[in-house]
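Step one of this worksheet: look at the structure below.
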2 protein chains.
Amino acid sequence: MQFNKLGTSCPDCRLADLCLPYGLPANEVVQLANIVRKKRPLKADEHLYLQGEECQSLYAIKSGSFRSYITNPDGSEQIIGFNFPGELMGIDSLYYGRFTSSAVALETGSVCELPLPRLNALCAEFPGLQSQVLRVLGKEIAADRDKIVLLGHRSAQEKISIFLLMLSKRYGALGFSEREFNLPMRRQDIANFLGLTIETVSRQLAELNKQGIVRIKHRNVEIKDPLQLKALVEPCHSHCSSASLG
Amino acid sequence: MQFNKLGTSCPDCRLADLCLPYGLPANEVVQLANIVRKKRPLKADEHLYLQGEECQSLYAIKSGSFRSYITNPDGSEQIIGFNFPGELMGIDSLYYGRFTSSAVALETGSVCELPLPRLNALCAEFPGLQSQVLRVLGKEIAADRDKIVLLGHRSAQEKISIFLLMLSKRYGALGFSEREFNLPMRRQDIANFLGLTIETVSRQLAELNKQGIVRIKHRNVEIKDPLQLKALVEPCHSHCSSASLG
DNA sequence: CGGTCATTTGACAAATTTCAAGGGGGGTGG
DNA sequence: CCACCCCCCTTGAAATTTGTCAAATGACCG
């Protein structure tokens, strides 16, 4: 059994249940681990890939956090998401064969590289892996749907609250505290992602702080009152509901 | 060779190149056509599926147009997209096995139903179909990314302009006019989708009308000056660009 | 210790929403 | 065939939110 130089391979990876190997029989996990080409350590602000490059591999995050963004034709940029350990990056590029977004490390981190040709070959061999890839893609679509809902017709305070709760939940899923964590991204990144200005983000965070719902110091977040934070997210949207009919 | 009762089967469908059969060898297309269970005609405001239902089939749109929306826990709704012929609906639900959104017809239309068990079986048999499904999923992800970019930090006028251009492009891809088409959805649907109020949508459309860029009468849209419309979409977003660094 | 960058804060401006009222089309029933 | 009604859409004025501009504070790094 081969092991990669940096870190442990899939059978021993503590993230296996959050990543591609989830639910696969042991022998398939070993095969999967064998095609993982290398684990690249990246420093903060180092790019994992650039929009437009040929997409030859997918990347599973092993540690650290990343920011994905799209560069518009006019040069402006839009952050489309933040990524954490166990997540697969690059799958938005499967369709075009080239990366449709860029990915950059927010802090020191490492990834597992999955060469697409070898991954495809393995999928043809193991239907279980194939459907697992489908599931991951489906999960990605579901996550994007959540982002669309997050961005649609919500106040700055709601967006910020949802954002904090989203991070809290994801840290929880990784086995970290849901109540207290560090923001790996700058205020500006949050603002860009949420479609707000940096000043509005700062003011809304200050407001949540003042109300005692969260305690924010620099990039450290402590959620003091999760229930109240959740309550901010779902006020009466009666005027939105009219979209239904049915 | 079997034919479905309503409409033509895949080998003869004029949408084949926009749909799942694209690029597949003829014999595989025939097999695919054989698993298409039925083509359901739907009237306006009739639901194709409801959020929470078990997802047993995917649906390819044959004619008409649809609106997909998510119902939030508080009862409010968020439209996540509009769908046109050749597009596959339900793939956002593959991960959970249940529909994560509801789909309703905006006008009279019909769909091809693809039962998932039979589709999966066929995928196992034909790797080409399998990768085609992957491509469609990738396309869906790319489309969702476009929506996220559309919703992020853009003015009402930009959103409306992008929306009109998006529709124009899609009608063009279907072989219809890019310059003149009918909106199948209400103003309220547009507003909900774009994260605006119905009044803002109405005012922005009136403004584009007044400037002579488009001519809008009820639900009929004629794009008089596509270049100027495109110019509205990409003003200088200098303040957004700072998200990059790298 | 100085410089740079991220963040906060304040005052003002602009965009969008809210509230309110008034047309206009299409469909139904007389 | 016409009148009526309902719903969709438009328009106006005021209120609110958010963005813009400007300046100050604070953290981090060499």
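In what follows, every chain begins at residue 1, and chains take the letters A, B, ... in the order their sequences are listed.
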Sequence-distant partners of [X], side chain to side chain donor-acceptor pair (under 3.5 Å), two or more places apart:
X: A/E113; result: A/S57
X: A/Q228; result: none
X: A/T108; result: none

With sugar-phosphate meaning primed atoms plus P, OP1 and OP2, does B/Q204 contact a base, only sugar-phosphate, or nothing at under 4.0 Å between heavy atoms?
sugar-phosphate
Could you state the [atom1]-[atom2] distance from [X] to [N], rounded to the nearest angstrom?
X: B/D189; N: D/dC7; atom1: CG; atom2: P; value: 16 Å
X: B/M185; N: D/dC9; atom1: CE; atom2: P; value: 11 Å
X: B/L106; N: D/dC8; atom1: CG; atom2: C1'; value: 15 Å
X: B/R154; N: D/dG19; atom1: CZ; atom2: P; value: 15 Å
X: B/L196; N: D/dT18; atom1: CG; atom2: C1'; value: 14 Å
X: B/I160; N: C/dT16; atom1: CD1; atom2: C1'; value: 13 Å
X: A/N192; N: C/dA6; atom1: CG; atom2: C1'; value: 16 Å
X: B/L183; N: C/dG25; atom1: CG; atom2: P; value: 17 Å

Tabulate protein N/O versus nucleotide N/O from nucleotides 8-12 of chain C, keeping only pairs under 3.5 Å, one per line.
| unit_1 | atom_1 | unit_2 | atom_2 | d |
| --- | --- | --- | --- | --- |
| C/dT8 | OP1 | A/R187 | NH2 | 3.2 |
| C/dT8 | OP2 | A/R187 | NE | 3.0 |
| C/dT8 | OP2 | A/S202 | OG | 2.7 |
| C/dT8 | O5' | A/S202 | OG | 3.0 |
| C/dG10 | N7 | A/R203 | NH1 | 3.0 |

Could you tell me whether the phosphate oxygens of D/dC8, OP1 or OP2, come under 4.0 Å of any side-chain nitrogen or oxygen in B/R219?
no
Please give the angle, rounded to 10 degrees, between the axes at the start and the end of the helix from C/dC1-D/dG30 to C/dG30-D/dC1, where five pairs define each axis.
40°
Quick check, are the ring centers of A/F181 and A/F176 under 6.0 angstrom apart?
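No: the rings miss the under 6.0 Å criterion.
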Nearest-0.5 Å distance, CZ of residue A/F193 to CG of residue A/L151
6.0 Å
A/N192 CG to A/R67 CZ distance, which is reported to the nearest 0.5 Å
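Those atoms lie 8.0 Å apart.
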Sorted by chain and residue number, the side chain to side chain contact (heavy atoms under 4.5 Å, CB included) partners of B/E180 (sequence neighbours excluded) come out as B/S177, B/N220, B/E222
Side-chain donor/acceptor of A/S202 to backbone N/O of A/I198, under 3.5 Å
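Checking the backbone N and O of A/I198 against the side chain of A/S202, no donor-acceptor pair under 3.5 Å is found.
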So, the side chain of B/K224 versus the backbone of B/R215: is there a donor-acceptor pair under 3.5 Å, distance only?
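Checking the backbone N and O of B/R215 against the side chain of B/K224, no donor-acceptor pair under 3.5 Å is found.
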Nearest nucleotide by nearest heavy atom, which residue falls closer to the 5' end of DNA chain D, A/K217 or A/G195?
A/G195
